[in-house]
Trainee: 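Once you've had a glance at the structure underneath, I'll fire off some questions.
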There are 2 protein chains.
Amino acid sequence: MPESPPPRLDEIDVRLLDLLQQDAGRTLHDLGGQVGLSPSAVQRRLARYRRDGLIARQVAVLDPHRFGPTVLAVVLVTLARESFELHRAFAARMRADPQVQQCHRVAGPWDYVVVLAARSMRDCSRLGDRLFKADDNIRRYETLMVFDTVKTGLALPLPAP
Amino acid sequence: MPESPPPRLDEIDVRLLDLLQQDAGRTLHDLGGQVGLSPSAVQRRLARYRRDGLIARQVAVLDPHRFGPTVLAVVLVTLARESFELHRAFAARMRADPQVQQCHRVAGPWDYVVVLAARSMRDCSRLGDRLFKADDNIRRYETLMVFDTVKTGLALPLPAP
DNA sequence: CGCCGCGACGCAATAATCTTGCATGCCCGA
DNA sequence: TCGGGCATGCAAGATTATTGCGTCGCGGCG
């Protein structure tokens, strides 16, 4: 797997990427105004970011509370056995389920941290049953119901140039 | 606070919103092709989503691995005292720090689940010190270093229409 | 010291996309 | 059956994105 080196980023690149992490809906004209470049110069930089894979994708973030009740939960999971194949199967199931927002394999006694989105407490409970209780390779899981989301996002802190 | 009722969504709305959650960079023409509408009809629906606040924002998601080493951590936090004011102060600090990706207040023995993004293990350690050790209202915190991100995103499962 | 060659830029022309006015068709209630 | 409200498609117009071209600044090298 050819791991290309991190491309050089000047200060303008960092500012542009930060702006795009906050709001990717701006026009090239706006972005240019913020960083002091012409729209076409901005456009060429953006094309480079996409070509180099710096920008993985561009998504719309929905407001959970506008879709009726929504409950989130953070689930800590420990598998019963550690085989490579069982990990793969678990990961595949997490990836496949649209109610799984995030899934990270972590160090320590817990193997995975999973973030779930459900329509109701009952839905959440059934989801947990389906994802974790039905899997006989799961030793234990603990569900931390989310009362309140203080902050959410996927923004990365960028290295200073 | 006027909590407006969830707007009616037909099947086309759900399909559009799902498409936008996956990739908000498509043209109205493309989206229309996927759902069988003209670009202008799609545009009017999108305008409605934005007006109703269904779409909170539109962001670029960067690929962490293209920016040199990046380490993520999930931190479980319990405050020492429960005063409303102390919770507010903690939440404000989480919101203000760009290295805090997500912060949820949860039920159970832990008060918060926090997701951190850092440039190195050392950076992560210092970040933890700064955010949690320096705060004398934090009783205890536990850091779960992320080995591998199986899935990430903020997509909501939409209710069937 | 001077001469390229590369890369990034701004400007302007072109292409693509978004936005909006308007007329039509559908559904529902009177 | 007759409107009224609403969503649609189409097409014109406005905005935005893309690209060709000439210029500039910065090394590397003769």
Side-chain angles (χ1 to χ4, degrees), chain A residues 2-63 66-68 155 158-161, chain B residues 2-63 66-68 155 158-161:
Chain A
E3 186 73 19
S4 54
R8 303 207 161 285
L9 299 178
D10 62 18
E11 188 195 323
I12 290 183
D13 290 321
V14 171
R15 286 170 60 195
L16 280 176
L17 288 166
D18 264 331
L19 288 169
L20 293 172
Q21 286 196 110
Q22 294 163 22
D23 178 4
R26 297 181 220 248
T27 65
L28 299 176
H29 180 87
D30 277 357
L31 291 169
Q34 299 278 328
V35 301
L37 283 183
S38 72
S40 57
V42 174
Q43 198 275 340
R44 280 182 261 254
R45 287 186 184 238
L46 264 56
R48 179 163 62 83
Y49 304 153
R50 282 191 284 261
R51 179 171 48 76
D52 293 349
L54 296 179
I55 295 181
R57 58 212 176 102
Q58 189 178 140
V59 301
V61 180
L62 306 187
D63 182 347
R66 295 285 175 158
F67 293 88
L158 295 181
Chain B
E3 185 73 18
S4 53
R8 303 204 163 286
L9 299 178
D10 62 17
E11 188 194 322
I12 290 182
D13 290 321
V14 171
R15 286 170 60 195
L16 280 177
L17 288 166
D18 263 332
L19 288 169
L20 293 171
Q21 287 196 108
Q22 294 163 22
D23 177 5
R26 298 179 220 248
T27 66
L28 299 177
H29 182 266
D30 276 357
L31 291 168
Q34 299 277 328
V35 302
L37 283 183
S38 72
S40 57
V42 174
Q43 199 276 341
R44 280 183 262 254
R45 287 185 184 240
L46 263 58
R48 179 163 62 83
Y49 305 153
R50 283 191 283 261
R51 178 172 49 77
D52 295 349
L54 296 179
I55 295 181
R57 57 212 178 101
Q58 189 178 139
V59 301
V61 180
L62 307 187
D63 182 347
R66 295 284 175 159
F67 293 87
L158 295 181

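Chain naming here is simple, since letters A, B, ... match the order of the sequence lines and numbering starts at 1 in each.
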Trainee: With the criterion being N/O to N/O and under 3.5 Å, what pairs connect the protein with nucleotides 22-28 of chain D, and how long is each?
Mentor:
none

Trainee: Looking only at side-chain N and O atoms, does A:Arg48 come under 4.0 Å of OP1 or OP2 in C:dA8?
Mentor: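 For C:dA8, OP1/OP2 do not have a side-chain N/O of A:Arg48 under 4.0 Å.
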Trainee: Which ones in residues 9-20 of chain A lie close to DNA chain C, meaning a heavy atom under 4.0 Å from one of its atoms?
Mentor: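 Residues of residues 9-20 of chain A that come under 4.0 Å of DNA chain C do not exist, since none gets that close.
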Trainee: For DNA chain C, what residues of residues 24-32 of chain A have any heavy atom nearer than 4.0 Å?
Mentor: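 Output list: empty, so none.
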Trainee: Kindly compute the distance separating CG (B:Leu20) from CZ (B:Arg45), expressed to the nearest 0.5 Å.
Mentor: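 So the gap between those two atoms works out to 12.0 Å.
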Trainee: How many whole angstroms separate atom CG of A:Leu37 from atom C1' of C:dC11?
Mentor: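 That distance rounds to 14 Å.
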Trainee: Show me the donor-acceptor pairs within less than 3.5 Å that the side chains of residues 53-62 of chain B make with the rest of the protein, sequence neighbours left out.
Mentor:
from, atom 1, to, atom 2, distance (Å)
B:Arg57, NH2, A:Thr152, O, 3.3

Trainee: I need the A:Tyr49 OH to A:Asp13 CG distance, nearest 0.5 Å.
Mentor: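 Rounded to the nearest 0.5 Å, the OH-CG separation comes out at 3.5 Å.
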Trainee: Check each of A:Leu19, A:Asp30, A:Leu37 against A:Val42 using the side-chain contact (heavy atoms from CB on, under 4.5 Å) test, and report the only one that passes.
Mentor: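 Result: among A:Leu19, A:Asp30, A:Leu37, A:Leu37 is the only option passing the side-chain contact (heavy atoms from CB on, under 4.5 Å) with A:Val42.
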Trainee: For B:Leu158 and B:Val14, work out which heavy atoms get closest and say how close.
Mentor: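 Answer, listing the atom of B:Leu158 first, then B:Val14: CD1-O, 3.7 Å.
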Trainee: Relative to the 5' end of DNA chain D, which residue comes earlier, B:Val42 or A:Pro39, by the nucleotide with the nearest heavy atom?
Mentor: B:Val42
Trainee: For B:Leu46 and C:dT19, give me the distance from atom CG to atom C1', rounded to whole Å.
Mentor: 12 Å
Trainee: Rounded at 0.5 Å granularity, tell me how far CG in A:Leu28 sits from CZ in A:Arg44.
Mentor: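 Answer rounded to 0.5 Å: 11.0 Å.
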Trainee: Rounded to the Å, how far apart are A:Tyr49 OH and C:dA8 P?
Mentor: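 Rounding to the nearest Å, OH of A:Tyr49 and P of C:dA8 are 11 Å apart.
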Trainee: In sequence, state the C-alpha distance, the side-chain angles, and the governing distance for A:Leu16 and A:Gln21, and then conclude on side-chain contact (heavy atoms from CB on, under 4.5 Å).
Mentor: CA-CA 9 Å; A:Leu16 280 176; A:Gln21 286 196 110; over 6 Å; no
Trainee: Report the C-alpha separation of B:Asp23 and B:Arg26 in whole Å, then their side-chain angles, then the decisive distance to 0.1 Å, and conclude whether the side-chain contact (heavy atoms from CB on, under 4.5 Å) test is met.
Mentor: CA-CA 7 Å; B:Asp23 177 5; B:Arg26 298 179 220 248; 3.9 Å; yes
Trainee: For A:Arg15, check side chain to side chain donor-acceptor pair (under 3.5 Å) against everything at least two apart and list the hits.
Mentor: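 A:Arg15 satisfies side chain to side chain donor-acceptor pair (under 3.5 Å) with no other residue.
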Trainee: Rounded to the nearest 0.5 Å, what separates atom CG in A:Asp52 from atom CG in B:Asp63?
Mentor: 11.0 Å
Trainee: Protein-nucleotides 20-29 of chain C N/O pairs closer than 3.5 Å?
Mentor:
from, atom 1, to, atom 2, distance (Å)
C:dG21, O6, B:Arg44, NH2, 3.3

